[in-house]
Structure formats: C-alpha cells, structure tokens
Amino acid sequence: MSSTRDHSHLSAEDQIKLEEWRKKRRAREPDNVTPELAPPPKAEAQPKKRRNWRDHLTSYDEVDNDEDGIVVKRRPTNTEEEERIPNENVYSGNEKFKQDEERELAEKPTKKEVMDIAAVRANLPIYSFREDLIKAVKTGQTLIVIGETGSGKSTQISQYLMEEGFADRGVIGITQPRRVGAVSVARRVAEECDCDIGDMVGYSVRFGDQTSPKTKIKYMTDGVLLRECLLDPMLKRYSVIILDEAHERSVNTDILFGLMKMTLAKRPDLKLLITSATLDQGKFSHYFNNSRVFFCPGRSYPVDIFYLDEPNKDYVDKAVRTAIRIHEEEGKGDILIFLTGQYEIEEACNRLEKEMQKLYKRKPDMQDLVIVPLYAALPPGEQSKVFQPAPTGTRKVVVATNIAETSLTVEGVVFVIDPGYVKQTGFNATTGMESLEVVYISQVAAQQRAGRGGRTRPGKCYRLYTKTEYDNLIPSTVPEIQRSNLCNVILTLKAMGVGDILGFEFLDPPDPVLLIDAMKQLFFLGALQPDGSLTTVGEKMAKFPLDPKFSRALVAASETGCTRDMLSLVAMLSIENIFYRPSTKEGRAKSDDKRRELFEDISGHVPDEITGDHVALLYLYDSWLDSHKDNKFCNEYFVQPRHMKEADDIRKQLHEIMETEKLSLSDKKGRYSERMERLSLALCQGLYINAAKRFNRPPEAKPKHLREKINNDEDLAHNQYQDYTYVVMNRGQLALVHPQSAVLLSPQQQAPEWIVYGDLVQTTRVFMRTVCGVKEEWLEVLHERKKDLNVSKLVGRDVREVVSSLKLAQAVSTEIVDSKYDESHAEEAFARRNDDAKVQAARERALQRRKQQQQPPQKKK
DNA sequence: CTCTCCCT
C-alpha cells in the first residue's frame, strides 16, 4: 500500500470537501487556537486526524487478493517446505513473510504453555459438567446441550469425548453452519491438543480439506456432512456427530436433523449431540425421542438494554444521532450499528461524517470517530479495516448488516445500536416468488445483537424501539427452510433414497405447496419420473454441488457438445456479487461502463436473439484466462480477483465430477456464434421453466421517467427504447429485467423477444436476474413434459389430503409455464399497476401488513 | 432502475 493515499476513488466533490476539511483541521491546530480553547496536552500529542470516512477504505486497486477472507495459517509441512524453497520471493524477497514464518515457528507452544492451555480449559464453564456430560452420552443416544456464548461447548465437547475413547472406533464429526466457524474452531482445538491441523484434529470445508487418516476430531460445514450423507447415508466413519449452532437453523442443519433421526434408528452405536445457544429445547427434545437436555451457563459480560419511550420511524437518522450522542457522552469502547443493506450503510456513514464535522465545530477537542462500513459484498481488503483497532484516542463505529450478528465478530464493541430491522428473503408460496424485504427482527435476534456488546467487558445496547414493540416481536426467526426454494434440498433427499418427501420428518415442516412446487420443477427438469422417482439424469444432477437448474444445463451441455463453455459459465453463475460497485456515484458509473464494454465487445459476435448476461459472463471468464488470471485485469473490470479465483476452483471441481460421472466431455467445434448458440440451447434445458416474453406496450403507457428519457434522446427514440418489461410465463406476472443485467446496459440493442432468467426476486419491483435470450421453439419441450404430469402421482400422496383447499388449485396445476401465453392477462395485470403512486401506496400497506403479521396476536386489539 | 446472508 502506498504511503500517500489515493483519492481517485472519491468524487471530485468529495475530494474538495476533504481538502477543505483538512485546511480547517490545520487551522485548528494548537498554534492557531486561543489558549482557553487549547486541547489538553495529551490530545496535543495525538494531533487530530479527522478524515472523511471513505479515507478508511482502500481504493479499489489496493484490494488484497485474500483467499476467501479466511486466514489459514498452516504450519509448513515438509513437502510444502520443499515446494517453497525454489521460490526466492518467499524467503529472500519478502522480509515480512519471513518474519511471520519465524514468529509462527517460535510460537510453537512450549511445555509451560501447554500447561497454561490445560488451565484455560479447566477454567471454562463447561468443565464442571464434564463427568455428567460423558455419563449422559454413554447412557443415551441423543443429547441436547444448551450452552450460552463463552461456555466452551464448541471446542471442549469434542475433546472430552475423544479423551473418553469415543474416537477409538470412528471419527467425531462436528458441523458448523459457516466455513470460518469450522476452520477457526478446528485451529483452536488443534492448538489445545498440541497437534498440527489435519493431524488428529482437522477440518473439511469446500476447497479446504485438512484431514488425514489420523484425524479423530473433524470440524466441517453442515453442507460438507450433507454431501457425505449422499455417499454414505449410514455415516459409517463416524462414532459421534455433533450438530453445533443448531439455533441458527440453517437449511442444511435442518435437513441433517431429519437424516440423523433416520440414521440413528439404524445405527444404535452412533451418538448424536445437538448443541446450541438458546433454542426451544422442549420442541427439540420431543423431536429427538425425548432426549436429555443439558444446560451449561456461558461466560459473557452483562449488557444494559435501553429502549425508546416513543416508537421511531426514521431509524437511520435515529441510529446516527444515537451514535453521536454515545460518542459525546460515553466512555471508551467501539460502537456497532446494525442496518439492513449497503445503501443504508453508506447513507449512515455519510451522515455520521456530517454530524462529526458539526460536532467538531462545537467541540474542537472532541476525540476522533473512525467510521467503518461492513457488509459481505465489500472486498476483503476493506472488510479487514473492521478488525484493526481504532488508533489510540479515537473511537471506532462499525456500520454493518447482520453479517456482524453471527458471521464476523468485531472485538472491542461496547455499544450496540439495534434499530430492529433485517433484510430477509421470503418465499411466497402462492406466487412462487422470492422476495427480499425489510422486516422486524425476532426477539432471539435482538438478544444476539445485544450480546455483541458484552464480549470483552460490560456493554450497552440501544434498541431503537419501545419495550412494547420488543414484546410484540416474534420470539424466534422463521427457520430458513420455510422461506427458501427447496429444489436442491429435495433433489439431494431423493438421491439419498428418501422417496416420500411430504412424509419426511422436518423439525419445522415447510409449506407443502413449497415442497410440491419444488418437485414439479424437478419433474420439468427431467430429474424425476412421473411417479416421483429419480431419473438417470436426476442421479447425475444430484452429484453436482449446484442449483438443479445449472446441474441440468451441465448434463445437457455434455449431450449438446459444449461442456467447456458450460463449465465456465456455471462456475461464474455460482458466484454472487461478482461485479464490484464502488460506493461513489462516479465509481459506479465507471463500473457500469466497463460492464457495458464487455457486453458490447461480444454483441456483434453473438446472435441478437440469444444475447444476455450468460454470454457476457462467459466472455468475462475467458478474457480473464487470456489475461493469465491477472489481477490488473480484474481491477480494470471491477471484478474481485477472489471471486474469479473461486469460479476457477468451482470449475475445476465440476470438471472432476463430470469425469467421475463419465459424462461426455467431447465438444463440437464451430464458430463463436455457433458455440454460443449451442451453449444457450443447453442452458435453456435448465432454465426453460423460467421463461418470459417481452411485453410491448404503447409508448404513452410507459412510465414517466422513460418517456422523458425517450423524448430527450433522439437515439433512444429512434431505436424505440425498451423498458424491459416482460411477462413471466407461469402466472402472468409482470417483471423487469434487473438493472444490473447486461441486457439493460445496451439500450441500442433490441431486447430479446423471449428470455429465460436465473431467478425472480421482489424488492421494490419484481426483477429477473441474469437473463438470456432464447428461441421460442426451445421452449416447446414443455408441452411434452406437461402431458405426463399428475401431481398426486408425482408426490406420492393425494394432494387434496396435504394441501388446504385454498391453495389446492395451485398445487395441482400443471401450468409451470405456458409459452402460448395470452397477452390479455398481462394487459390486465399492467392496468392494475399502471398508476405508480397507487402501487407504491399499496406496497407500503402490504409491507405494514406483513410487519404486523410478524407480531404475535396481542397486538390485534 | 439495484444492492440481507450463508453453503456444497
């Protein structure tokens, strides 16, 4: 990183502001200040460094190429040592690396330190329960352990069991919902066992297997164990399975509950432990045949909770003002604010900055406030700013999404500001549509957020809602399995031999309509027979760690002869947030320009009717390969190097699976346009159920902002600028192409008549993400498939018995898609939402209703 | 005219 900061990523306006601010700051420095205003000597020793919050971000060029954000400091094994020696850069050129290496070797625990570890372990709250716990595991098959944060359950239980010989006849497997969790806990346990990672203690996450035949304690993500169930449903290698963090109720953990319940019945020697912070232990115990429940206190500091007296609506504003007040009035300690998304976070950061400047005018000796945004799409180099302690004499305020609730822990947080909202997916069973909306958090989530303030010392949590509002929140978050698309889960279950999906013992069963819908989709994809059993195509699809839409496309590609391109494309589609969008307006425009450039490069080489995001993504991947995987290339196109590398790894993994599954990898030769057409055809096999037709309406019916745009721009008017409204084929829903789509970036080009989309999401409108043009005749397959569909036969139940009469029509419908759609439906739908203002009002009412629905009944009066 | 978050 250069010593002088690069401000090219700032807008001109911001740079000027920054300069002015610095001038003022210089003017305030001791010489120019009247004696009575002079800051105390201590502050003088640390001159004010108030900078714009964006200064604390690296510019895009400086972004580190961290792998995945997970810091894996492996001790070099002998073989690695040998590999490294020829690389001069590592040993002679990079002093810092060398120092790190030396320090790490020096850090190898001495005997005394080993004793200290023993003392630390014995001091954990769970230690006093050790004997009881062992006894309970020996006498029962399942055990539920409720342990608060700091109890030591995640690191200790596995070791206790190993010490008692439970690992003698099999591995002790512990699942975590997140990769970072699995890796960091495993590393800690390896340290406590004084062994190298991958030896007696190891972990297994995707693209990171640190296990060996010697491994006795294996930490892994729940997704890894689920994949292992696919190969070995009896889990023969394991003597104990521990499902940790069960309260988070990730889809994978929920599926594992059901699978484990079946496996336990067939393997009396297998032990299962469910460990969790808070959870409804009664329900859990009942589900697992009235298993015993263990309680273990945690160790954290008390957190004082403050509520508002009056309800408050503008929570961003309130959060900013609360933070400033804390900064003015409270003692040492960092602040953590929970907001719902990137946009809100940036707004809050800007407002905090303004307020700080005002505060400085009033109180020039005020200590500095370091403002740090935090959300997942932020490049790792910028995310790491969160973990750097604030310079002495300053306070840090982290403005984060719910990523800071569980995934990332910010040390030093004492003050938590919780507005009580979260952005969350919902799945509407009646429209079959995913939605992303801002909803109230649950009481459990509120407690979790508050707990983030008491990790290092007593903290304070400011809830920006009243006590009554808190009491009216739902007790715990609706489990993810009840609000997501279940296609993948059902295909996995089918491949494990679970024939009767509706009879699967879910801890919290999803709406049967969701399950039926997913099975219908799998049927249309050709993964299921009309009687619900797996087809050979379905068997192959289940082998891929992909959304069934994409695994279907991959199988189709092997038949069509375009596997190389499809492998690259599917790998690219597996990455989200692939394009980095800077936080300034100018940066964003630049980023959009580069994406448009990519798209325009190929548009002449690809037939217009199949153009779209998919060909653009493939082109990006190929260009990246041409650049020899150059980071400069990535930076130029606002693509994160870590994402490209990840796509590359995924591609490799998929390629291997193609080989082991003996899928043909021989590709047809041809010109670029022919290649792309084959690719689109194969892709269409996976996406044809997501078809949409362009909705042409008269110019005067177009929204006002588009009319004005057309009137003001001759080119656009001439080309009959499209507003990219489509009719989604399953239910006549109107949807817009997502503004980030390549199709939208090039207004000169005619939007394709027919498209398929990756997914549909409702935010401010209904958007189709990642779209691609298709030929109408490619969608014909559908009618053939539909003839064989009988929903009751497919799901193996009489649908009338499992679905309420209200949703019956939808459940038994065979109309997943209808390419002969009558446009009059769309006209009707359009007329209904023609008036934007009305729509907005209706949406707000709906939002209000939904929020109220989340409240328990007492609010009804 | 956008942008919760994990995982194989």
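Below, all heavy atoms of this structure are taken into account, side chains as well, without hydrogens, waters or symmetry copies. Within every chain, numbering begins at 1; the chains are lettered A, B, ... in the order of the sequence lines, protein sequences first and strands thereafter.
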Report summary line: A:L486 atom CG is separated from B:dC6 atom P, nearest whole Å, by 20 Å

Query raised in the report: Tell me: CD of A:E480 to P of B:dC6, nearest whole Å?
Result: 11 Å

Requested in this report: Look at all strands and tell whether A:F544 reaches a base, only sugar-phosphate, or nothing, counting heavy atoms closer than 4.0 Å.
Outcome: nothing

Report task. Would you classify A:T406 as touching base, sugar-phosphate or nothing, given that sugar-phosphate means primed atoms plus P, OP1 and OP2, and contacts are heavy atoms under 4.0 Å? Result -> nothing

Query raised in the report: Looking only at side-chain N and O atoms, does A:T492 come under 4.0 Å of OP1 or OP2 in B:dT8?
Result: no

Requested in this report: Have a look at A:R769 and say if it touches a base, only the backbone sugar-phosphate, or nothing, with a 4.0 Å heavy-atom cut-off.
Outcome: nothing

Query raised in the report: Between B:dC3, B:dC7, B:dT4, which nucleotide gets closest to the side-chain atoms of A:T401?
Result: B:dT4

Requested in this report: Please answer whether the main-chain N or O of A:K218 pairs with a side-chain N or O of A:T215 as donor and acceptor at a distance below 3.5 Å.
Outcome: no

Requested in this report: May I ask you to verify whether the side chain of A:R581 and the base of B:dC3 hold a donor-acceptor pair under 3.5 Å?
Outcome: yes

Query raised in the report: Would you say a side-chain N or O of A:T425 is under 4.0 Å from OP1 or OP2 of B:dC5?
Result: no

Query raised in the report: Which of the following nucleotides, B:dC7, B:dT2, B:dC5, is nearest to the side chain of A:N402?
Result: B:dC5

**Report entry** A:D759 CG - B:dC3 P separation (whole Å)
**Finding:** 11 Å

Query raised in the report: Between B:dC5, B:dT8, B:dC3, which nucleotide has the shortest distance from any of its atoms to the side chain of A:V224?
Result: B:dT8

Query - Integer-rounded Å distance: B:dC6 P and A:N488 CG - result: 18 Å

**Report entry** Presence of salt bridge, A:K645 and A:D649, under 4.0 angstrom
**Finding:** yes

**Report entry** Of the listed nucleotides B:dT4, B:dT8, B:dC6, the one nearest the side chain of A:A376
**Finding:** B:dC6

**Report entry** d(CG, A:N485; P, B:dC5) in whole Å
**Finding:** 20 Å

Report summary line: side-chain hydrogen bond (donor to acceptor under 3.5 Å, both in side chains) filter on A:D418, not counting sequence neighbours, yields A:R449, A:Y465

Query raised in the report: With a 4.0 Å cut-off on heavy atoms, is A:L436 in touch with a base, just the backbone sugar-phosphate, or nothing at all?
Result: base

Report summary line: The nucleotide from B:dC5, B:dT2, B:dT8 with an atom nearest the side chain of A:S407 is B:dC5

Requested in this report: State whether the distance check finds a donor on one side and an acceptor on the other, under 3.5 Å, for side chain A:E576 versus base B:dC3.
Outcome: no

Query raised in the report: Looking at B:dC3, B:dT4, B:dC7, which one has an atom nearest to any side-chain atom of A:N252?
Result: B:dC7

Requested in this report: Under 4.0 Å between any heavy atoms, over every strand shown, what does A:R178 touch: base, sugar-phosphate, or nothing? Just pick one.
Outcome: sugar-phosphate

Report task. Starting from P on B:dC7, measure out to CG on A:L256 and report it in whole angstrom. Result -> 15 Å

**Report entry** Nearest-neighbour nucleotide for the A:D592 side chain, B:dT2, B:dT4, B:dC6 considered
**Finding:** B:dT2

Query raised in the report: With distance as the sole criterion, is a donor-acceptor pair present between the side chains of A:Q342 and A:E346 under 3.5 Å?
Result: yes

Query raised in the report: So, A:T770 versus A:D613: side-chain donor-acceptor pair below 3.5 Å or not?
Result: no

Query raised in the report: Taking atom P of B:dC3 as reference, at what distance in whole Å does atom CD of A:Q762 sit?
Result: 11 Å

Query raised in the report: If you measure from the Lys or Arg side-chain nitrogens to the Asp or Glu carboxylate oxygens, is any gap between A:D508 and A:R249 under 4.0 Å?
Result: yes

Report summary line: Applying side chain to side chain contact (heavy atoms under 4.5 Å, CB included) to A:E344 and not counting sequence neighbours gives A:Y315, A:V316, A:L339, A:T340

Report summary line: 5'-most contact on DNA chain B (nearest-nucleotide basis), A:L546 vs A:T340, goes to A:T340

Requested in this report: Tell me which of A:Q176 and A:G341 sits closer to the 5' end of DNA chain B, going by the nucleotide each one is nearest to.
Outcome: A:G341

Query - Nearest to side-chain heavy atoms of A:R206, which nucleotide of B:dC6, B:dT8, B:dT4 - result: B:dT8

Requested in this report: Take atom CD1 of A:I490 and atom P of B:dT8, then tell me their distance rounded to the nearest Å.
Outcome: 21 Å

Query raised in the report: Ignoring hydrogens and angles, does a donor from either the side chain of A:Q740 or the base of B:dC3 sit under 3.5 Å from an acceptor on the other?
Result: yes

